[in-house]
Amino acid sequence: DLHPVYQSTKLAIEWAERFDKEIVKVQHHHAHIASVMVEKRIDPHENVIGIAIDGVGLGSDGMIWGGEILLANYDSFQRIGHLEYQPMPSGDLATIYPLRMLIGILSKKMEWLEIKAVLEKLGLIKYFKYGLKEAEISYKLSKKPDTILTSSIGRIMDAFSALLKICFKRTYEGEPAMKLEALASKWDGPTEIFDVKIKNEKDMKIIKTSDMMLEAVERIYQNDKREKVAKSVLATLGYSLAKIAVEEADRRGISKIVVSGGAAVNSILVKSIKDFAREKGLTVLIPNRLPAGDGGVAVGQAIIGAFKNGVEE
């Protein structure tokens, strides 16, 4: 894996030195997409549009990725869209305490006193371990130029989970996102898609998740049911990713959209992607023999490594 601190990467480096072999570093989300291409026996020279959705993966720009639209084949990839970068105040601690991630996202659109008012109105301050002071420190960290940034859909779902008072501390992998999905599944009324903004920035399509957060806050102010807001959030994320993927597939004459990553097990998210893509006549492929999460990523790494060394059969 491209990430230098993964245990698998450290082991690979150790073995490469021991056996005098070359290291091939593979971008995490490229590997996710390639693993599905292997499972579905996609032709080695065919391009796909990949939607890679998970919690953490080191990007080729040094940022933390996790909500990506890629033009990919076995040999290479090009990033063509992603979720908006959001600050992670206190770094990895923001993955454990979702309220910190919520503050980070709100800080893109609000000053501290505005955020404080939101927290007070929604009764969220008491859920910070260290109260209002922790929230204010999280805001200040979010505004620092050296704060870690992420496009991870996992961190976005964490923040919405905190906003909706579902989960305030992650005690196991994926807990906030899974509880968000569980709440959303309770809504059996019509699913509303938020009016999400997708901006073109330097030939990269960016899904503005900060605007989604503001919309969700407004819906809560209007006393929308929590389960309705949760379902709209997940459906809107899926719709937004699919919209970019479909547009790029159509523009490039590509017929297949591949979805993988840890969040590809979220049924509401995946259904939203499938529904939009199939309306446009595109095939959506998700893994069913290999794990969608990191349990299947090694297959993608192996095939990409093989192709980089000239093996095509």
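Source: prediction; values computed, not measured. This chain uses plain numbering: 1 for the first residue, then up along the sequence.
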Are the side chain of S152 and the backbone N or O of D54 linked by a donor-acceptor pair below 3.5 Å? yes
Using 4.0 Å as the upper bound for N to carboxylate O, is an ion pair formed by K129 and E134? no
Qualifying residue, where the test is side-chain hydrogen bond (donor to acceptor under 3.5 Å, both in side chains) with T171 and the options are E173, E175, K169: E175
Derivation and outcome, salt bridge (charged side-chain N to carboxylate O under 4.0 Å, His left out), residues K116 and E120: CA-CA 6 Å; K116 179 174 176 286; E120 289 173 341; 2.8 Å; yes
How about L124 and K165: do any of their side-chain heavy atoms sit closer than 4.5 Å? yes
Between the main-chain N or O of S267 and the side-chain N or O of E181, is there a donor-acceptor pair closer than 3.5 Å? yes
Is it the case that one hydrophobic cluster holds both M178 and L102, taking links as side-chain heavy atoms less than 4.5 Å apart, direct or via other members? no
What orientation do W112 and Y139 show, parallel under 30°, tilted 30 to 60°, or perpendicular over 60°? tilted
If you measure from the Lys or Arg side-chain nitrogens to the Asp or Glu carboxylate oxygens, is any gap between K10 and E14 under 4.0 Å? no
Side chains of L237 and I53, heavy atoms from C-beta outward: is any pair under 4.5 Å? no
Any donor and acceptor pair, going by atom type alone, linking the side chain of S35 with main-chain N or O of H32 inside 3.5 Å? yes
Is D146 atom CG crowded by more than 12 heavy atoms from other residues, nucleotides or ligands, each under 6.0 Å away? yes
Side chain of E39, backbone of N288: donor and acceptor closer than 3.5 Å? yes
Sidechain N-carboxylate O distance under 4.0 Å for E247, K243: yes
If you count heavy atoms of other groups shown closer than 6.0 angstrom to CG of D203, is the number above 12? no
Side chains of V233 and F194 in contact at under 4.5 Å (non-hydrogen atoms): yes
Please examine the side chains of K199 and K208, heavy atoms only from C-beta on, and report whether any two atoms are closer than 4.5 Å. yes
Show your reasoning for whether side chain to side chain contact (heavy atoms under 4.5 Å, CB included) applies to E84 and S210. CA-CA 8 Å; E84 177 185 4; S210 296; 3.1 Å; yes
K25 atom NZ, neighbour heavy-atom count above 12 within 6.0 Å: no
Donor on one side chain, acceptor on other, R100 and S90, under 3.5 Å: yes
Apply the test side chain to side chain contact (heavy atoms under 4.5 Å, CB included) to residues V118 and M110: give CA-CA distance (whole Å), side-chain angles for both, the deciding distance (0.1 Å), then the verdict. CA-CA 10 Å; V118 171; M110 297 179 175; 3.8 Å; yes
Without swapping roles, check the side chain of K143 against the backbone of S107 for a donor-acceptor pair under 3.5 Å. yes
How far does CD1 of I115 sit from CD1 of I105, to the nearest 0.5 angstrom? 11.0 Å
State whether the side chain of T147 and the backbone N or O of L141 hold a donor-acceptor pair below 3.5 Å, judged by distance alone. yes
Tell me whether D195 at atom CG has more than 12 heavy atoms from other residues, nucleotides or ligands lying less than 6.0 Å away. no
To the nearest 0.5 Å, tell me how far D294 CG sits from Y6 OH. 6.0 Å
Note, L119 side chain near I103 side chain (heavy atom, < 4.5 Å): yes
Flag if over 12 foreign heavy atoms under 6.0 Å of NZ, K140: no
With a 3.5 Å distance limit and no angle check, can you tell me whether Q86 reaches the backbone of S151 through a side-chain donor-acceptor pair? no
Treating T9 as the side-chain partner and H3 as the backbone partner, does any N or O pair qualify as donor plus acceptor under 3.5 Å? yes
Same hydrophobic cluster for I49 and V38, using side-chain heavy-atom links shorter than 4.5 Å among ILVMFWY? no
D61 and Y85: CA distance, side-chain angles, deciding distance, side chain to side chain donor-acceptor pair (under 3.5 Å) verdict: CA-CA 12 Å; D61 62 354; Y85 278 130; 2.4 Å; yes
Is a donor on one side and an acceptor on the other found under 3.5 Å between the side chain of S161 and the backbone of L180? no
Close side-chain approach of I33 and E68, heavy atoms under 4.5 Å: no
Matching residue for V258 among L285, L70, T283 - test: side-chain contact (heavy atoms from CB on, under 4.5 Å): L285
Might you confirm whether atom CG of D92 has over 12 heavy atoms from other residues, nucleotides or ligands at distances under 6.0 Å? no
Taking M37 as the starting point, is it possible to reach I69 by hopping between hydrophobic residues whose side chains are less than 4.5 Å apart? no
Please determine whether residues W187 and I268 belong to a single hydrophobic cluster, defined as Ile, Leu, Val, Met, Phe, Trp and Tyr linked transitively by side-chain heavy-atom distances below 4.5 Å. no
Checking H45 against D75: is there a side-chain donor and acceptor pair closer than 3.5 Å? no
Give, for atom CZ of R79 and atom NE2 of H29, the distance between the pair rounded to the nearest 0.5 Å. 9.0 Å
